[in-house]
Amino acid sequence: MERSKDNNRAIGSHKNHRTIASNDELEVKRASAKKLIERYFYQLMEGCGNEQCSNKNCASSGKVSRMTANAAAARAIQLFSQEAPLCDEKKTPILSKPSENHAASGSSSSSAAVHQSMECKPTPSPSSPCLDRSGTYLEENKQNMNTKRVEVADNSSLADVTPMEEGDQGETSNVHSDSRKRLAYDQPVESSSSSRNLRKMATNQLHDSTMDANADSLSRNVDSALSTTITSAQGAQHLSEENLNELIDWCKRHRSDSLLIRTVGAVFSAHQLLSKSFQLSSATSSIDRMLARAPPGDLRNMKKEDIRSLEGDLDKDEDSKAPPDSAQDVLGMSYTSVDVAALRRSLKMVHAARPDIVGPINNALQLLGESLSRDLRVSLKDTQEQIEPIISVFVIAFETMLIASADFLEDTYPRICAAVTYLPMWAQGRLASIWAQHCPDSIYPMLQQIQQLITITTLSLNPYQQGPAQGNEVVCNATKVMKLIYFANILAGDLEPKQYRETDLRDTSLPSFLSLVPEDEEMVGEEDRRTSHKRLEDPLAQLLDVNPLDCRKPLVPYEEFYNELLCDSIEMDHDYLIYRSITTAESGGTPLLGGDVSKHFCFMQHAFILTTTTKTLALYYDSRIRMMSERRISAMRQYLLDDPVNPFLNLRIRRDHIIDDALVELEIIAMSNPKDLKKQLVVEFTGEQGIDEGGVSKEFFQLIIEEIFNPDYGMFVTNEDTNMMWFNSISFENEAQFTLIGIVLGLAIYNNIILAVNFPMVVYRKLMGMRGSFPDLKDLNPVLYNSLKSLLEYTENDMEDVFMQTFKIGYQDVFGSTLEHELKPDGDKIYVTQENKQEFVELYSDFLLNQSVEKQFKAFRRGFQMVTDESPLHLLFRPEEVELIVCGSKEFDFDQLEKSTEYEGGFTVESQTIKDFWTIVHGLSMETKRKLLQFTTGSDRVPVGGLSRLKLVIARNGPDCDRLPTSHTCFNVLLLPEYDSKEKLEERLLKAITYSKGFGML
């Protein structure tokens, strides 16, 4: 329950704030005006129905020329502003009293009374909103559908209609009005002549039944006649909020849900019918777009020129619409004809009034999913005309499945998700855009349902009989749909402007100081080299022109997309094999798995569902396979060409000259053959006997990082408030030094080693392809960030006098000297005002985060990419996750470490020495605990996933003695003598972890 509240708060924090009370009053007035404008619209388009109408603004008078929906909407707004006359709405006379009807039963007067209508006369425009129209507006482009009614398998749907009891009162007076509404529902898209015939059938049966003496009998016979007419009619063509209300009223009177079940089942099981349901009318669409562009305030004050301008803008928008297979912008792709608000109201109303309707809808949606999958595979073509209605169907279907999600979970969701996967890519992009624009509050509930479906299916998997999760169709299809929700979540969040994207991210060419070309690449062209380093791009991300880097604050936190249970069941080695097969096939090679790689599903291409720990495992497999490949190539060259090549990346380092030795050797390797950087790293400290099985490399990286970030070295500066490291913009070191430091960072990731670096998040964002912007200053320099934020929030007109800030700024170098820079020409003469304050903040942030360190960072990134250019790092990780794999977790939970530790050599969890050991460890300070980690594992950092992933081993190293504890840092093994007292154990352990340095042979 608490987690749900937290999630709701997280989602709510990213939603737009609602307007204050004064704005609400204005909205109420505009809503009232909209109802009147709609009445004018229908009067222009349809007329009032009176052939003798004299209103020149009514289509029935014959004085209104034929016009488009946009023109009618503009004219309706104009008539509203002029308070033009409105015709009376169509009215139906109330039936006469039962006694009068009985007296007139022998004549046709009762039948004539049914169809009489009041004379239409123009009346002044009412001051209050008009009532909803009882008729149904038919769009000109809708064609009659002759679809067979689909009966849903439900026994209740075959129940006979039960008449109301004779004691029911109060419905006789308006029975005929309700009857006409029900007839309007029965044939909502039939022609007018067909409607008249249907109405005549009901009237004839009504006339035959008026021989009964009392009103209750009359009511029953009218309903019975209507029921017979409805049942014998062709079947519902679509659903809307209005006719659902009528259906529910009918069911309440007859105390039977049979008609509602049959109708809803027929529509929800056929995509041809469902695609026409809950649609925005021409009036709603055109008027809404007009009012959205209209100036705020009273609409009566709009001028004729303004209205014509609005009409012209809408016509231009319609003329400029691009086809769905072209490059559309996100806003253009988000249009939908579904009235989402009306759909939700209808679903809530039906579910509240008739909860049992969920079962028939569930059955119908299962049939719908199967038919959609079949039609999308076989009969439907990839055209806008045929696919656009299917997109509307999916919008309606997913909204419907949220009303009682548990009922739809196991049977309906899998079928609907399977159908979505057959949509062409442009249609999937449209669906994601529609969800982002029109259904943002449904994104999290939909995500929860998809997560539950994946979890339930994963729990039922038997890997020995059903194979890996990649072969389960339900899991794969649900993950593909989650991908659409993932991008909808990004589009609905706070997006960064596209100007902050880097354009030259893949520049891995060697700089001039590392310009020697390896012999085995002399014949490789530049185009081939770029192709070999081509990064896989997600087609949906390309279509929507969006990626996770564009969104700092998505609508739903990214972590909500993780599915830990699924991650535990995924065989990442097999998934990586699929990934390599796909990448090999796309680059023109032979896939490792053979066959059609498009049939294989790869979770690495849906990395949003994978936890950071699981993605780190995929990165580990990638680096280890590349290392093994380099060793195999070296062995083949030695065997076939008698050319001995070192299969490892060997570094011989002197502890006292670690920076000089390391950077010099790395520079030589980068100049001679950069591919050697992707071999397994082996470090040897001069004069020490330690053999590097991982532990020596860990200490090497720790020592070199401490030296590189030493302020005396001058390559980086430290912010005193945050202790964050940043590039020295006036460093005396050349670009080569920053390139080699980038290589060191890349090697640490490539060799799965955690570093003790303290970079702000903007460094990882820039490494992944984004430029720094104002929000990035919050981590690097919070004091400056808050100052600039207060400047942006200041709204008074005396900004120049209060802040006295020009476009000339000052900053300090590493030596504390103040430097000045003009953000634009003659910046010292341009004061910051309300008009240019946003520009000032953007230029200030861009200078500090990008321009001032451009050379240093480009060199740093170049070195980083020399190691990671072919790895799936950019495919798998977001900047926050890259920081995690570089720096490790910040949670030092030693209780987890105790639970995951294994014991060897005679020690068990019940051994007294082990009990004393953990009692001592839990009582240590955090600094001493970090030293213990450093002593036992070679690093004081916590791996991704927490200390439970460390797999510490404590082995018995003989009986009680005076020897200090020792460790094998390569294998995370602590050798502990079985001391005879807790005090001696504590004294020996603290001395070992405090004074340990260097490696030796035991």
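Just so you know, these numbers come straight off a predicted model, no measurement behind them. When a residue number appears, it is its place in the shown sequence, counting from 1.
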Between S925 and T928, a side-chain donor and acceptor under 3.5 Å: yes
Could you tell me how the ring of F860 sits relative to the ring of F727: parallel (under 30°), tilted (30 to 60°) or perpendicular (over 60°)? perpendicular
Looking at F685, I'd like to know if the NZ or CZ of R655 sits under 6.0 Å from its six-membered ring centre while staying within 45 degrees of the ring's axis. yes
Could you check whether Q680 and R631, counting side-chain N and O atoms only, form a donor-acceptor pair closer than 3.5 Å? yes
Taking every non-hydrogen atom, the tightest pair across I708 and I659: CG1-CD1, 3.5 Å
Got a donor-acceptor contact below 3.5 angstrom from the T583 side chain to the R580 backbone? yes
Is there a salt bridge (Lys or Arg N to Asp or Glu O under 4.0 Å) between R652 and E684 once you walk through the steps? CA-CA 5 Å; R652 291 180 59 87; E684 179 184 349; 2.9 Å; yes
Roughly how far, to the nearest 0.5 Å, is CD1 of I658 from CD of E699? 8.0 Å
Do we see a donor-acceptor contact under 3.5 Å between the side chains of S871 and T868? no
Count the heavy atoms of every other residue, nucleotide or ligand shown that sit under 6.0 Å from CD of Q499, and state whether that count exceeds 12. yes
Does any non-hydrogen side-chain atom of T901 lie less than 4.5 Å from one of I914? no
Where do F774 and Y785 land on the ring pair (Phe, Tyr, Trp, His ring centres under 6.0 Å) test, with the steps shown first? CA-CA 8 Å; F774 171 61; Y785 172 82; 4.8 Å; yes
Between Y811 and F847, does the ring centroid distance fall short of 6.0 Å? yes
Which atoms form the tightest heavy-atom contact between N719 and T722, and what is the distance? OD1-N, 3.1 Å
Tell me whether the NZ or CZ atom of K678 lies within the 45° cone about the ring axis of Y750 and under 6.0 Å from its centre. no
If you look at every heavy atom in S697 and L681, which pair is closest and at what distance? OG-O, 3.9 Å
D550 with R501: basic N within carboxylate O range, under 4.0 Å: yes
Can you tell if the side chain of C567 reaches within under 4.5 Å of the side chain of Y562, non-hydrogen atoms only? no
pair E559-T611: side-chain heavy atoms closer than 4.5 Å: no
Give a yes or no answer on whether the side chain of N751 reaches the backbone of I753 with a donor-acceptor pair at less than 3.5 Å. no
Start with the C-alpha gap between F648 and D676, add the side-chain angles, then the distance that decides, and say whether side chain to side chain contact (heavy atoms under 4.5 Å, CB included) holds. CA-CA 8 Å; F648 300 100; D676 286 350; over 6 Å; no
Yes or no on side chain to side chain contact (heavy atoms under 4.5 Å, CB included) for L848 and N781, after CA distance, side-chain angles and deciding distance? CA-CA 10 Å; L848 291 180; N781 194 334; 5.9 Å; no
Measuring only between side-chain heavy atoms, which start at C-beta, is N957 closer than 4.5 Å to L976? no
Interatomic distance, F700 atom CZ to D661 atom CG [nearest 0.5 angstrom]: 9.5 Å
Heavy-atom neighbours of Y620 OH exceed 12 at 6.0 Å: no
State, with a plain yes or no, whether a side-chain heavy atom of L974 is found less than 4.5 Å away from one of P965. yes
Judged by atom type as modelled, is there a donor-acceptor pair below 3.5 Å linking the side chain of N786 to the main-chain atoms of P782? yes
Is the shortest heavy-atom distance from the side chain of V886 to the side chain of F759 under 4.5 Å? no
Closer than 3.5 angstrom, by distance alone: can the side chain of S672 be matched with the main-chain N or O of I668 as a donor-acceptor pair? yes
Taking S845 for its side chain and E842 for its backbone only, find out whether a donor-acceptor pair lies under 3.5 Å. no
What I want to check is whether the side chains of N850 and K766 have a donor and an acceptor closer together than 3.5 Å. yes
Is the charged tip of K929 near the ring of F894: under 6.0 Å from the six-membered ring centre and within 45° of its axis? yes
Could you pull out the closest heavy-atom pair between S729 and Q856, with the gap in Å? O-NE2, 2.9 Å
Check: M725 main-chain N/O paired with T718 side-chain donor or acceptor under 3.5 Å: no
Using a strict cut-off of less than 4.0 Å between a Lys/Arg side-chain nitrogen and an Asp/Glu carboxylate oxygen, indicate whether D622 and R626 qualify as a salt bridge. yes
Under 3.5 Å, is there a donor-acceptor pair between the side chain of T614 and the main chain of L610? no
Taking all atoms of both residues into account, what is the closest heavy-atom pair of K679 and L649, and its distance? CB-N, 3.8 Å
Rounded at 0.5 Å granularity, tell me how far CG in L989 sits from CZ in F917. 6.0 Å
Can you tell me if CD on E902 sees more than 12 non-hydrogen neighbours from other groups inside 6.0 Å? no
Can you tell me how far apart CG (L843) and NE2 (H821) are? Round to the nearest 0.5 Å. 8.5 Å
Check the pair D895, L947 against side chain to side chain contact (heavy atoms under 4.5 Å, CB included), reporting the backbone distance first and the verdict last. CA-CA 9 Å; D895 290 328; L947 287 174; over 6 Å; no
I669 and N673: side chain to side chain contact (heavy atoms under 4.5 Å, CB included), yes or no, with the steps? CA-CA 6 Å; I669 294 171; N673 191 355; 6.0 Å; no
Please report the interatomic distance CE(M572) to CG(L577), rounded to the nearest 0.5 Å. 11.5 Å
Please examine the side chains of I741 and F716, heavy atoms only from C-beta on, and report whether any two atoms are closer than 4.5 Å. yes
Output yes when K553 and D494 qualify as a salt bridge under the 4.0 Å nitrogen-oxygen rule, no when they do not. no
Any chance CD of E706 has more than 12 other-residue heavy atoms, nucleotides or ligands included, within less than 6.0 Å? yes
Cationic N near anionic O, under 4.0 Å, D776 to R771: no
Polar side-chain atom of N758 near backbone of N723 as donor-acceptor pair, under 3.5 Å: yes
What is the distance from atom CD of Q865 to atom CG of L873, rounded to the nearest 0.5 Å? 10.0 Å
Candidate pair E735 and K855, rule salt bridge (Lys or Arg N to Asp or Glu O under 4.0 Å), full reasoning: CA-CA 7 Å; E735 295 179 35; K855 292 182 179 180; 5.4 Å; no
Any donor-acceptor pair under 3.5 Å linking the side-chain atoms of Q851 with those of D846? yes
Quick one, F892 and L933 - any side-chain contact, counting heavy atoms below 4.5 Å? yes
Only residue of R878, M761, R765 satisfying side chain to side chain contact (heavy atoms under 4.5 Å, CB included) with E883 is M761
Closest non-hydrogen atom pair, A955 against F907: C-CD1, 3.8 Å
Counting N and O atoms only, with roles assigned by atom type, does the side chain of T612 sit under 3.5 Å from a partner on the main chain of E881, one being a donor and the other an acceptor? no
